Amino acid sequence: MTNETAERPVNFIRNIINDDLATQKHQQVKTRFPPEPNGYLHIGHAKSICLNFGLAEDYQGGCNLRFDDTNPAKEDMEYVESIKRDVEWLGFQWDGEIKYSSNYFETFYDCAVELINKGLAYVCFLNAEETREYRGSLKEPGKESPFRNTAPQENLALFEKMRAGGFKEGECVLRAKIDMASSFMCMRDPTLYRVRFEHHHQTGDKWCIYPMYDFAHCISDAIEGVTHSLCTLEFQDNRRIYDWLLEHLDAFNRPDRPHQYEFSRLNLEYTVMSKRMLHQLVGDKLVEGWDDPRMPTISGMRRRGYTPASLRDFAERIGISKVDSMTEMGILEAAIRDDLNVVAPRTMAVMDPIKLVIENYPEGELESIQAPVHPQNEEMGKREIFFGRELYIDRADFMETAPNGKYMRLAINKEVRLRNAYIIKGERFEEDADGNVTTVYCSYDPETLGKNPADGRKVKGVIHFVEASKALPAEFRVYDRLFTVANPAKEDDFEAVLNSESLLLKQGFVEPSMANAPVEQAYQCEREGYFCRDNKITDRLVFNRTVGLRDVWAQKK
RNA sequence: AGGGAUAUGGCCAAGUGGUAAGGCAUCUGGUUUUGAUCCAGUGUACCGCAGGUUCGAAUCCUGCUAUCCCUGCCA
């Protein structure tokens, strides 16, 4: 390894890989990302994707994308398409063709036959309930199935009949003969195959028996030459059957066979990560869909304005370990801000507009100003903004009288800088019957465009604006956390704890330079936050707030 | 009569017998036409608890405790 690896993050999996390479157990690294196509990918999957594909990149190995499609009842092509899209969007390229567990159905069948011939698998006619009773409990051993000692020849015939459609769903299953007294429940003669007369999105109606995850996964890994099979903590017990199967199958019982290692799944505060709950939110129409910008799905976060780079950076920041953890939103937000701060063009938008009239500015005059696209990066160029007698500013940027000496916004008799333009001073204002400010009248200092006052007076506050005649109406969607509690999954009814203010719609204005803002392009609306044009509603200007700017002022208030 | 895991500052997370990295958050200054960014600084961490081994332990041993996972013909 070169010293470049010193730059890489350190974690227990990398330590294992380094050892395996050093001892020549493996010559190269092969990983895989094995989603079941029964839902959309979320930020937790992104963690796994970054781990698996990242390892493959760093060790110059490969990573397969394999759809774990062993349960046709729950799976759908819509999901395989969305998953492919999400992985590519994140910036990863899978090794070779896309793989499906169903590619190997014939091999699985042969493996089952091998086990039957070795007396290590049998067809069992106990029904589901009986099987559960026979399994015993956590503290008591199970009982052996009466079908456990059927002769291999007979099992073979029975299994062939299963494949041929000779048994009804639930009538029988193929089980491995392992140990009904094992302390690992998954080793008490686990089911290998079940009968399902179900149309499969890849294999059509060719099969009516489908392998179980435990049987299919290890063999798929072995077929693909996976060296390090990474999964989450809840599969730790399953590692025993993973190993047992590969050790009892002649073709795969080799020193360089795959091994499974488990890391902890991502838990993020104020959201849920379980597919079941995500499905429920979509199904109950509590969100717009899988790509609702409040969802922790990759497609939702993409629509919200998260970038692939920020998600990859986030994955790196949280690291990999085996500790059950709950990650704060702050880490995610820091990652997206750090990315967008350097790449996002700046713009000005007013989201809760009030009129501002500059009384000493000539009526009917409009001036053009070249404003930097990014104040810290001149190479990003300039954009044209306008200045005139009538402008819009944000309601929150004006008060009749400053509450204290630290107040930095506009007030009567107080001076403030209009961002990219002149210094103005509040003179008087008008309000409606309800006491809401409607118009603020100001004077401006014509000698302060691009420079400070010659007399040396200090004007600290800066507020943003949009010139009224050129302003473009726009909608802003301001998102907040989806739930009101840090760990909604722990609630009896997680939907009861949804944040009713997770979406705020605001009608305001953007500068004319935003007229043709491309979808998903990140902008920083100065002093407001990072926004991007919605990728679904494109016939008008709709902007999603990705994340606000860090706001020390708001924290202190 | 169970078994499998995990416990390092508020949140992540390095560390694998030689005297506790880093990130996020926090707080304090400085710069600033974004109360942003940036820069500099900021933490007495009984390394879950209690014993033990050792010149020396977060790291080894013993015993506890807490939390998570396992009894789908789901993955």
Side-chain angles (χ1 to χ4, degrees), chain A residues 9-12 15 34-36 38 68 70-71 73-74 124 126-128 131-133 135-142 169-175 181-188 190-196 210 212-214 216-217 231-240 262 264 269 275 316-335 337-338 341-342 346 348 371-372 374-376 406-409 416-423 448-452 459-464 524-529 548-556:
Chain A
V10 188
N11 60 51
F12 76 98
N15 292 340
E36 184 188 14
N38 67 345
D68 207 349
T70 57
N71 188 359
K74 293 187 173 177
C124 181
L126 255 24
N127 65 35
T131 304
R132 193 180 332 119
E133 283 163 11
R135 190 157 28 231
S137 73
L138 293 178
K139 298 191 175 179
E140 285 159 19
E169 284 189 15
E171 192 174 354
C172 60
V173 296
L174 182 74
R175 291 227 258 168
S182 174
S183 53
F184 297 100
M185 297 304 286
C186 65
M187 294 295 268
R188 318 247 263 224
T191 300
L192 266 22
Y193 267 96
R194 74 282 217 190
V195 177
R196 286 290 108 98
Y210 290 95
M212 300 289 289
Y213 164 86
D214 280 321
H217 205 90
C231 62
T232 43
L233 255 27
E234 65 270 27
F235 290 97
Q236 287 176 125
D237 285 358
N238 301 247
R239 186 172 70 243
R240 275 71 189 185
E262 312 86 13
S264 45
E269 287 188 338
K275 271 191 199 173
E316 195 151 305
R317 291 183 190 210
I318 58 176
I320 296 291
S321 75
K322 305 182 69 152
V323 184
D324 268 306
S325 57
M326 179 64 76
T327 298
E328 292 177 343
M329 274 291 184
I331 300 184
L332 216 209
E333 292 177 349
R337 286 192 187 112
D338 282 359
N341 178 48
V342 341
R346 310 285 122 127
M348 292 195 285
H374 190 126
Q376 275 94 273
K406 289 186 174 176
Y407 182 78
M408 289 169 66
R409 305 179 184 188
V416 95
R417 159 80 64 183
L418 284 174
R419 176 76 171 156
N420 295 126
Y422 300 90
I423 287 173
T448 54
L449 180 61
K451 55 190 175 195
N452 287 321
V459 176
K460 265 217 102 184
V462 179
I463 66 172
H464 57 96
Q524 187 198 92
C525 294
E526 288 187 302
R527 302 210 316 131
E528 292 285 4
L549 260 24
R550 190 161 157 271
D551 191 351
V552 179
W553 176 240
Q555 287 170 16
K556 285 183 176 169

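First the proteins, then the strands, lettered A, B, ... as listed; each starts at 1. Keep in mind it's a predicted model, so treat the numbers as computed, not measured.
- Spacing between atom CD of A/Glu262 and atom C1' of B/C70 amounts to 13 Å, rounded to whole angstrom units.
- Judged by distance alone, the side chain of A/Arg135 and the main-chain N or O of A/Pro190 form no donor-acceptor pair under 3.5 Å.
- Distance A/Tyr210 OH to B/C74 C1': 16 Å, rounded to the nearest Å.
- A/Met326 has its CE atom 12 Å from the P atom of B/C11, to the nearest Å.
- More than 90° away from 0 lies the glycosidic angle of B/G51, which makes this nucleotide anti.
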**Q.** side chain to side chain contact (heavy atoms under 4.5 Å, CB included) between A/Val195 and A/Val173, intermediate numbers included
**A.** CA-CA 7 Å; A/Val195 177; A/Val173 296; over 6 Å; no
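- Rounded to whole Å, the distance from CG on A/Leu549 to P on B/U32 is 19 Å.
- The shortest side-chain heavy-atom distance between A/Asp68 and A/His217 falls under the 4.5 Å cut-off.
- Between B/U16 and B/C12, the distance separating the two P atoms is 22 Å to the nearest Å.
- With both ends at atom P, the span from B/U62 to B/A40 equals 47 Å, rounded to whole Å.
- One finds the CD atom of A/Glu333 at 12.0 Å from the CZ atom of A/Arg550 (value rounded to the nearest 0.5 Å).
- The phosphate of B/C74 (OP1 or OP2) has a side-chain N or O of A/Arg196 nearer than 4.0 angstrom.
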Side chains of residues 319-330 of chain A: which donor-acceptor partners sit under 3.5 Å, not counting sequence neighbours?
from: A/Ser321; atom 1: OG; to: A/Val323; atom 2: N; distance (Å): 3.3

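- Spacing between B/A21 and B/A13 at atom C1', rounded to whole Å, works out to 10 Å.
- When the C1' atom is compared between B/C46 and B/A7, the two are found 16 Å apart, to the nearest whole Å.
- A straight line from CZ of A/Arg527 to P of B/G35 spans 5 Å, rounded to a whole angstrom.
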**Q.** Letter per nucleotide, 5' to 3', of nucleotides 13-18 of chain B [B base touched, S only sugar-phosphate touched, - untouched; heavy atoms, 4.0 Å]
**A.** SSSB--
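- Nucleotides B/U32 and B/C49 are separated by 48 Å at their P atoms, to the nearest Å.
- OP1 and OP2 of B/G23 both lie 4.0 Å or more from every side-chain N or O belonging to A/Arg337.
- To the nearest whole angstrom, the two P atoms, one in B/C60 and one in B/A5, are 15 Å apart.
- Classification of A/Lys74 and A/Glu36 as a salt-bridged pair fails, no side-chain N sitting under 4.0 Å from a carboxylate O.
- Atom pair A/Glu234:CD and B/U6:C1' shows a separation of 14 Å (rounding to whole Å applied).
- Residue A/Arg550 places none of its side-chain N or O atoms closer than 4.0 Å to OP1 or OP2 of B/U34.
- The distance between atom CE of A/Met185 and atom P of B/C74, rounded to the nearest whole Å, is 16 Å.
- Nucleotides B/G10 and B/U26, compared at atom P, are 15 Å apart to the nearest Å.
- Taking atom C1' in both B/U28 and B/G18, one finds a spacing of 35 Å when rounded to whole Å.
- The shortest distance between the side-chain N/O atoms of A/Arg135 and the OP1/OP2 oxygens of B/C70 is not below 4.0 Å.
- A/Trp553 qualifies as a stacking partner of the B/G35 base, centre to centre under 5.5 Å and near-parallel within 30°.
- Look at NE2 on A/His464: it is 14 Å from P on B/A36, rounded to the nearest Å.
- With hydrogens and angles left out, the side chain of A/Glu328 and the base of B/G10 share a donor-acceptor pair within 3.5 Å.
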